[in-house]
Amino acid sequence: MTDFTCTTAHTRPAHRKTGLMGYVDLYRQRRALAALDDSRLADIGLSRREADAEARRPVWDAPAYWK
């Protein structure tokens, strides 16, 4: 009988982006969010006000789950 056990490779948490490239990606994502029109924002459940507030955050103000 074969033993199917989980290895650490399968149980690691999702990789989070850190370092310079992570912050570059975050900057690009926030700029893209700011560029969406109101109908696209409604599709993802955000208002223009929420999107603008997120886009104005400085790049070093990363999401809490990064820390």
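Below, each value reflects all heavy atoms present in this structure, side chains not excepted, and no hydrogens, waters or symmetry copies. Values in this document were obtained by computation on a predicted structure and should not be read as measured data.
With contacts defined as side-chain heavy-atom distances shorter than 4.5 Å, the pair L36/D43 does not qualify. For the pair L46/L33, a side-chain contact is recorded, criterion being any heavy-atom separation below 4.5 Å from C-beta on.
Scanning both residues, W60 and Y23, for their nearest heavy atoms gives CA-CE2, 4.3 Å. Across all their heavy atoms, S47 and L41 have their closest contact at O-CD1, 4.2 Å.
Expressed to the nearest 0.5 Å, how far CZ of R49 lies from CD of E54 amounts to 15.0 Å.
Counting heavy atoms of neighbouring residues, nucleotides and ligands inside a 6.0 Å radius, atom CZ of R28 does not exceed 12 of them. The environment of CZ in R57 is crowded: more than 12 heavy-atom neighbours from other residues, nucleotides or ligands sit within 6.0 Å. More than 12 heavy atoms of other residues, nucleotides or ligands shown are found within 6.0 angstrom of CZ on R31.
In this structure, R30 forms no cation-pi arrangement with Y27, as its terminal cationic atom is not both closer than 6.0 Å to the ring centre and no more than 45° off the ring axis.
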